[in-house]
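In what follows, chains are A, B, ... by sequence order, proteins preceding strands, each numbered from 1.
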2 protein chains.
Amino acid sequence: MLLLNLDHVAVAVRVLDEALALFSRLYGVSPSSREVIEADGVEEAMILVGGSQVQLLAPRHPDSPVARFLARHGEGLHHIAFAVPDLDAALAHLASEGAELIDREPRRGGGDNRIAFVHPRACAGVLTELVEVR
Amino acid sequence: MLLLNLDHVAVAVRVLDEALALFSRLYGVSPSSREVIEADGVEEAMILVGGSQVQLLAPRHPDSPVARFLARHGEGLHHIAFAVPDLDAALAHLASEGAELIDREPRRGGGDNRIAFVHPRACAGVLTELVEVR
């Protein structure tokens, strides 16, 4: 598999505006985009940092997966995302290696990119998203 | 503060060779460097992914902070690192904002770079390293 980039590292936060204000105050950064993903029950903001991005993820309702993560772990690192050139080929390779996939087929994520999540059990406890950046 | 890059995202793993073999098998990546940091009780491997890096961290002994992390949380995302142009200025800014610092003064990290860690309580539960890349 070819990994093009570490597309982003995602941080689960309780309140998006407060987290953005904190990142701005401490690190002088501001979001390049902000988007509600209703299917995942999240609002997310992307912060460009050099050649990669920090994604802040906040729950839209108490039943969303990010809300459950926050209830269990509190705020903190949530997942990483690798950019790949061919998501179908990447998923086929992972399946052939026996890796546990959360999404067996690509679906639409932020920025309307095709994405799929790989289960933390597949690789060192790290929830991993693959993104086919358009 | 100026952030130059998301230098790396670090993953705590139990056995470095096994984790490297897994990343190789699933993602076709291999380490660009590998180093023992005795002061931190870790062996670390850096994997270049586009413009950033994945760092795998394995404990050298059961009393190291990474061993304690593994005992509490299991394998998984451990910290992120931002590259900054001037680490002294960055720490002074964070201190002036009341951010809780683990390292009040720069110390030497991997690659003999000057580094300092910021406490997870300072920013959304994320253990954050600042690196002055040489």
Tell me, for [X] versus chain B, whether the close heavy atoms (under 4.5 Å) come from the side chain, the backbone, both or neither.
{"X": "A:Leu130", "result": "side chain"}
{"X": "A:Leu77", "result": "both"}
{"X": "A:His79", "result": "backbone"}

Report which part of [X] has an atom under 4.5 Å of a heavy atom belonging to chain A: side chain, backbone, both, or neither.
{"X": "B:Glu18", "answer": "neither"}
{"X": "B:Val84", "answer": "neither"}
{"X": "B:Ser96", "answer": "neither"}
{"X": "B:His78", "answer": "backbone"}

For chain B, which of [options] has the most heavy-atom pairs under 4.5 Å?
{"options": "A:Ala83, A:Gly76, A:Pro120", "result": "A:Gly76"}
{"options": "A:Val29, A:Leu2, A:Asn5, A:Leu94", "result": "A:Asn5"}
{"options": "A:Ser52, A:Ala90, A:Ala12", "result": "A:Ser52"}

Among B:Thr128, B:Val126, B:Leu127, B:Ile80, residue most engaged with chain A (heavy-atom pairs, under 4.5 Å):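 Top option by heavy-atom pairs under 4.5 Å: B:Val126.
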Chain A contacts, top residue of B:Gly28, B:Ala99, B:Gly125, B:Ala124 (heavy-atom pairs, under 4.5 Å):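 Most heavy-atom pairs within the cutoff with chain A belong to B:Ala124.
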With rounding to the nearest 0.5 Å, note down the distance linking [atom1] in [X] to [atom2] in [Y].
{"X": "B:Leu3", "Y": "A:Leu48", "atom1": "CG", "atom2": "CG", "value": "11.5 Å"}
{"X": "A:Arg121", "Y": "B:Glu75", "atom1": "CZ", "atom2": "CD", "value": "14.0 Å"}
{"X": "A:Asp7", "Y": "B:Leu6", "atom1": "CG", "atom2": "CG", "value": "11.0 Å"}
{"X": "B:Leu26", "Y": "A:Cys123", "atom1": "CG", "atom2": "SG", "value": "5.0 Å"}

Group every Ile, Leu, Val, Met, Phe, Trp and Tyr by side-chain heavy-atom contacts under 4.5 Å, then state whether [X] and [Y] land in the same group.
{"X": "A:Leu22", "Y": "A:Leu16", "value": "yes"}
{"X": "A:Val9", "Y": "A:Ile47", "value": "yes"}
{"X": "B:Leu57", "Y": "B:Val36", "value": "no"}
{"X": "A:Val42", "Y": "A:Met46", "value": "no"}
{"X": "B:Val66", "Y": "B:Leu56", "value": "no"}

Atom of A:His93, atom of B:Arg25 and distance for their closest heavy-atom approach: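 What the structure gives for the nearest pair is NE2-O, 2.9 Å.
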Any side-chain heavy-atom pair of B:Tyr27 and A:Val118 under 4.5 Å: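 Heavy-atom side-chain distance check passes, below 4.5 Å.
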Over 12 non-hydrogen atoms of neighbours within 6.0 angstrom of CD in A:Glu38: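 More than 12 within 6.0 Å, yes.
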